[in-house]
Structure formats: C-alpha cells, structure tokens
J.: 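My questions will all concern the structure given below.
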Amino acid sequence: MRFLLSGYYGFGNLGDEALLRVIVAELRTRYPYATIDVLSQRPEATRHELAVDATPRADPKRVRAAIAAADIVLSGGGGLLQNATSLRSLLYYLGIVRTAIAANKSTVIFAQSIGPLDFMGRQLVRQACRGLAGATVRDEASRALLASLLPGVLVERTADPVFLFSPRSAGTDLALRGIALEGPLAVVSVRKTAHFAAGVEHLAAAVDRLAELGAQVAFVPFGGPEDAEASTVVMRRCRSNPVLVPVDGWDDAAEIFARASVAIGVRLHAIVLAVCLGVPFAAVPYDPKVANLCEDIAYPLAPLWVPRRGSETRAAASLVDELWSRRAELAERLRGDAVRMRALAERNFTVLDRIVLAARA
C-alpha cells in the first residue's frame, strides 16, 4: 500500500508540520508495511525529518508520477479547500484531487476544514471532487458545507489530527529564552490576516492587561519569520514588555505552552495546542475554522476580537479579566474537551481503514 499526502507541507509552519507528523505516525502504526509519499515544498527536509518519500509539490511532472504510483491519495489535513487565500491555492489542491480521481486512485478529503468558498469556489469543489472515496472534516460547519456540495459522498465529522499529539517531558530552560518565570506565563500566537492592522490595538491592549495582572507574556511564532514580524508589530504597540520567543519546532512550542496559565491564539493550531494541554485561551477568529473549533467545543469565552466587526479596544482588557478570573474553571473544562476531541481525531483513521479495505478488495 502506498499513500500520497497533499497539504501545506514543507513551508515551516509549525501547525501544518505537526499535522503531517501525526498523520505519518498514525499511518505507520496502522499500516507498518506501507510506503508514505509527501508532496512538499522542501522535499529533502521532509524526507530527512520523517523518513518518508517526498516529492516536490511544485513540479507537475513529478506530482503526476507520484499520483500514478499511489494507491491512496489523501488531500489534507488542513484548510486547503478555500479561496479566501487565493483562487490559485484552491485550484492547486483541487488539481491534485481531480488528477487522482481520474487515475482511479482511492482519493480522500482528509481532516480538512472547508471554506470560505464563494460561488465559483463551490462550483469548482463540486466538479473536482466527484468520485471521492470518502471525506473527513474537522468541524461540523465544514461537514454541512461539503455534504451540500457532494451529495453522493459520505462526509464524516472528525477533528484535527493534532489532537492526537502527545507532549514530551519538559526540558527547555525558559530563562535561556528570556522568560523569567517569577510569575505566571501567558503565551500569544499571532499571524498577519486580511484585517491584521485593525486588530493590533486589541491584541496590544490584551497583552498589557495580562502584564498588569502579573503575567510574563511571551509571543510564540508558529508561522516562522512572518509570525515573528506580526508579533513584533503588536509588541511595539504595547506599554508593557512582552518577549518574542523563537522556537525550534512543534515540541519546543508545546513545551512553552504547557507551562502557560493562559494563551491568546490567532493561529488555529495554537488553539488546538491550548485545548490539548488544558490552557485557557482567548481566540481571535480570523477564519471560520477558528470560530468553528470554538463552537464545536462550546467554548464559553467570547472572542478577544472579531475581524471585520466593530468593537472597542477596552473590551479586550475586560475579556482578559474574565479569562484570568475563570482560568481554573476553563482549564478543567478543556481537559474534558481534549479527551472528546482526541476521540474524534482518531475517527479520521477509522474512516480511512474502511477506505483502505475497500481499495484492497
């Protein structure tokens, strides 16, 4: 059995690389004799880090050859089928799906968030995904949307595979990172979005309020240099003195999060990590996938700031006060949510087992 994985892999985004790592580990556990190939922006690095086959994702000839060699093609995980980023991105991922289906490969939309999609995007997904072997999506809103576009395909609600992540034992000396743990730690993960400039004041107000409450605030860039730049923009607007902490991979970021009392998350996988580790958080739903996760776990805290919706900066400080005062209650709640989301994440692979059995028949 040969699997081919198509996603936003090899770009250095901690969340997507964690997603790939978890998927590869689960495939190896379930199918120890299978071969795994990954379409990657940096195939040599992916091959070295995960001991998999890797194909340059931007080389059409080699991508077609990888599809031809595969038995199962997984599109995902991640938020691939959307055209908010660009139509070009959507066409790339749908091109992989369409080529695989046309080649009679068992093709699966795997652990994805679906949307946002405009009218053209919906039509493209409807046409390209005819003939899928199955689909799993990581929130209920995505299930409803994809099921409406593909009435002949069984679309199953699961959860992000990163919920299966198991943290390593603590070993990082945070003092060497500029984090002096004389009090509680608050971690912040931001990224540039379409409305980022309008949210800087809200984020800075939240950070300053956390500092007033006695927290040491550390920015953790999940998306590499771009997130570090976004973090720096917010930090310059703060009256307090937060620190920017460079991280060496997902495990490093997780270790810092594990020591936090609270978190602020714009990045989806920062919020996934907070849920996994029981760290109370305030979310910024810049994308439906963030709002959908908060809705699926019925998270009781309102968003810190909602892009495109008018709000006052002082509301951010009030939200932080609520986060801080309720942190013990929220942490206990999240521990239960983590168990439930882990079970849903496992379901991605239960569904895949059925598809593999059908492919072998």
J.: CG of D71 to CZ of R360: how many Å apart, nearest 0.5 Å?
T.: 9.0 Å
J.: Could you tell me which non-hydrogen atom of A205 sits nearest to which non-hydrogen atom of A316, and how far apart they are?
T.: CB-CB, 4.3 Å
J.: Please step through side-chain contact (heavy atoms from CB on, under 4.5 Å) for the pair E329 and R333, ending with a clear verdict.
T.: CA-CA 6 Å; E329 165 207 338; R333 180 190 181 102; 5.7 Å; no
J.: Just wondering, are more than 12 heavy atoms of other shown residues or ligands nearer than 6.0 Å to CE in M1?
T.: yes
J.: Distance from D252 atom CG to L14 atom CG, nearest 0.5 Å?
T.: 9.0 Å
J.: Which of these, L203, V233, V200, sits in a side chain to side chain contact (heavy atoms under 4.5 Å, CB included) with V190?
T.: L203
J.: Classify the ring geometry between W250 and F165 as parallel (under 30°), tilted (30 to 60°) or perpendicular (over 60°).
T.: perpendicular
J.: According to a hydrophobic-cluster definition based on side-chain heavy atoms being under 4.5 Å apart (Ile, Leu, Val, Met, Phe, Trp, Tyr only), do M341 and V351 belong together?
T.: yes
J.: What are the two closest non-hydrogen atoms of G10 and T46, and how far apart are they?
T.: CA-OG1, 4.3 Å
J.: Mind checking the CG-CG spacing from L164 to L344? Nearest 0.5 Å is all I need.
T.: 10.5 Å
J.: Of the non-hydrogen atoms in P285 and V290, which two are nearest, and what is the gap between them?
T.: CA-CG1, 3.7 Å
J.: Going by heavy atoms in the side chains, are L244 and P221 under 4.5 Å from each other?
T.: yes
J.: Is the backbone of C238 close enough, under 3.5 Å, to the side chain of S240 for a donor and an acceptor to pair up by distance?
T.: no
J.: Hey, quick one: are V155 and I101 part of the same hydrophobic cluster, counting side-chain heavy atoms closer than 4.5 Å, chains of contacts allowed?
T.: yes
J.: List for me each residue that meets side-chain contact (heavy atoms from CB on, under 4.5 Å) alongside E226, sequence neighbours excluded, and say none if there are none.
T.: none
J.: Among residues at least two apart in sequence or on other chains, which ones pass ring pair (Phe, Tyr, Trp, His ring centres under 6.0 Å) with F257?
T.: F222
J.: If you look only at pairs with a residue in residues 72-82, which of them pass as a side-chain hydrogen bond (donor to acceptor under 3.5 Å, both in side chains), with sequence neighbours excluded?
T.: S75-Q112, Q82-T85
J.: Answer yes or no: is there a side-chain heavy-atom contact under 4.5 Å between V125 and V97?
T.: no
J.: Per the salt bridge (Lys or Arg N to Asp or Glu O under 4.0 Å) rule, what does the pair list look like for residues 228-246, sequence neighbours excluded?
T.: K192-E229, E201-R237, D208-R239, E212-R239
J.: State which residues pass side-chain contact (heavy atoms from CB on, under 4.5 Å) with E49; sequence neighbours excluded, sorted by chain then number.
T.: R42, A45
J.: Among residues two or more places apart or on two chains, list those pairs meeting salt bridge (Lys or Arg N to Asp or Glu O under 4.0 Å) that have a residue in residues 112-124.
T.: none
J.: Check this for me: H48, atom NE2, are more than 12 non-hydrogen atoms of other residues, nucleotides or ligands nearer than 6.0 Å?
T.: no
J.: Taking only distance into account, with no hydrogens and no angle test, what donor-acceptor pairs under 3.5 Å do side-chain atoms of residues 50-58 form with protein atoms, sequence neighbours excluded?
T.:
residue, atom, partner, partner atom, Å
D53, OD2, R2, NH1, 3.3
D53, OD2, R2, NH2, 3.0
T55, OG1, D37, OD1, 3.2
T55, OG1, D37, OD2, 3.0
R57, NH1, G7, O, 2.9
R57, NH1, Y93, OH, 3.1

J.: Do you know the tightest heavy-atom contact between S106 and A359?
T.: OG-CB, 3.5 Å
J.: Any salt bridge (Lys or Arg N to Asp or Glu O under 4.0 Å) pairs touching residues 278-296, not counting sequence neighbours?
T.: R157-D296
J.: Can you find a heavy atom in the side chain of F196 that is under 4.5 Å from one in the side chain of V266?
T.: no
J.: In this structure, would L132 and I355 fall into the same cluster of hydrophobic residues linked by side-chain contacts under 4.5 Å?
T.: no
J.: Hydrophobic clusters here meaning ILVMFWY residues chained together by side-chain heavy-atom distances under 4.5 Å, can you tell me if F11 and V272 are in one?
T.: no
J.: Who pairs with Y286 by ring pair (Phe, Tyr, Trp, His ring centres under 6.0 Å), at least two apart in sequence or on another chain?
T.: none
J.: Mind running side-chain contact (heavy atoms from CB on, under 4.5 Å) on Y31 and I36 for me, showing each step along the way?
T.: CA-CA 10 Å; Y31 313 107; I36 301 169; over 6 Å; no
J.: Determine yes or no for a side-chain-to-main-chain donor-acceptor pair under 3.5 angstrom, with S142 supplying the side chain and S113 the backbone.
T.: no
J.: Run L74 and L4 through side-chain contact (heavy atoms from CB on, under 4.5 Å) and show every step you take.
T.: CA-CA 6 Å; L74 302 183; L4 178 65; over 6 Å; no
J.: For residues 135-149, which residue pairs pass the salt bridge (Lys or Arg N to Asp or Glu O under 4.0 Å) check, not counting sequence neighbours?
T.: R138-D160, E140-R143
J.: Taking the side chain as every heavy atom from C-beta outward, state whether F3 and L352 have any atom pair closer than 4.5 Å.
T.: yes
J.: Provide the full list of side-chain hydrogen bond (donor to acceptor under 3.5 Å, both in side chains) pairs with a residue in residues 6-25, sequence neighbours left out, each pair given once.
T.: R21-D251
J.: I'd like to check the ring pair (Phe, Tyr, Trp, His ring centres under 6.0 Å) partners of F281; sequence neighbours left out, ordered by chain and number.
T.: Y299
J.: Using a strict cut-off of less than 4.0 Å between a Lys/Arg side-chain nitrogen and an Asp/Glu carboxylate oxygen, indicate whether E346 and R30 qualify as a salt bridge.
T.: yes
J.: For I109 and V153: C-alpha separation, side-chain torsions, deciding distance, then whether side-chain contact (heavy atoms from CB on, under 4.5 Å) applies.
T.: CA-CA 10 Å; I109 299 299; V153 176; over 6 Å; no
J.: Could you report the tightest heavy-atom contact between S89 and S86, atom names first, then the distance?
T.: N-OG, 3.0 Å
J.: Treating Ile, Leu, Val, Met, Phe, Trp and Tyr as nodes and any side-chain heavy-atom pair under 4.5 angstrom as an edge, say whether L94 and L5 lie in one connected cluster.
T.: no
J.: As an exercise, state the distance from CG of L213 to CG of D321, rounded to the nearest 0.5 Å.
T.: 5.5 Å
J.: Among N292, V162, L293, L273, which residue satisfies the side chain to side chain contact (heavy atoms under 4.5 Å, CB included) criterion with L268?
T.: L293
J.: Which atom pair, heavy atoms only, marks the closest approach of A159 to N348?
T.: O-ND2, 2.8 Å
J.: Hey, are the side chains of Q216 and V243 touching, using non-hydrogen atoms and a 4.5 Å cut-off?
T.: yes
J.: Which distance, rounded to the nearest 0.5 Å, do you find between the CG of L277 and the CD1 of I256?
T.: 12.0 Å
J.: Once rounded to the nearest 0.5 Å, what's the spacing between atom CG of L145 and atom CD1 of I114?
T.: 7.0 Å
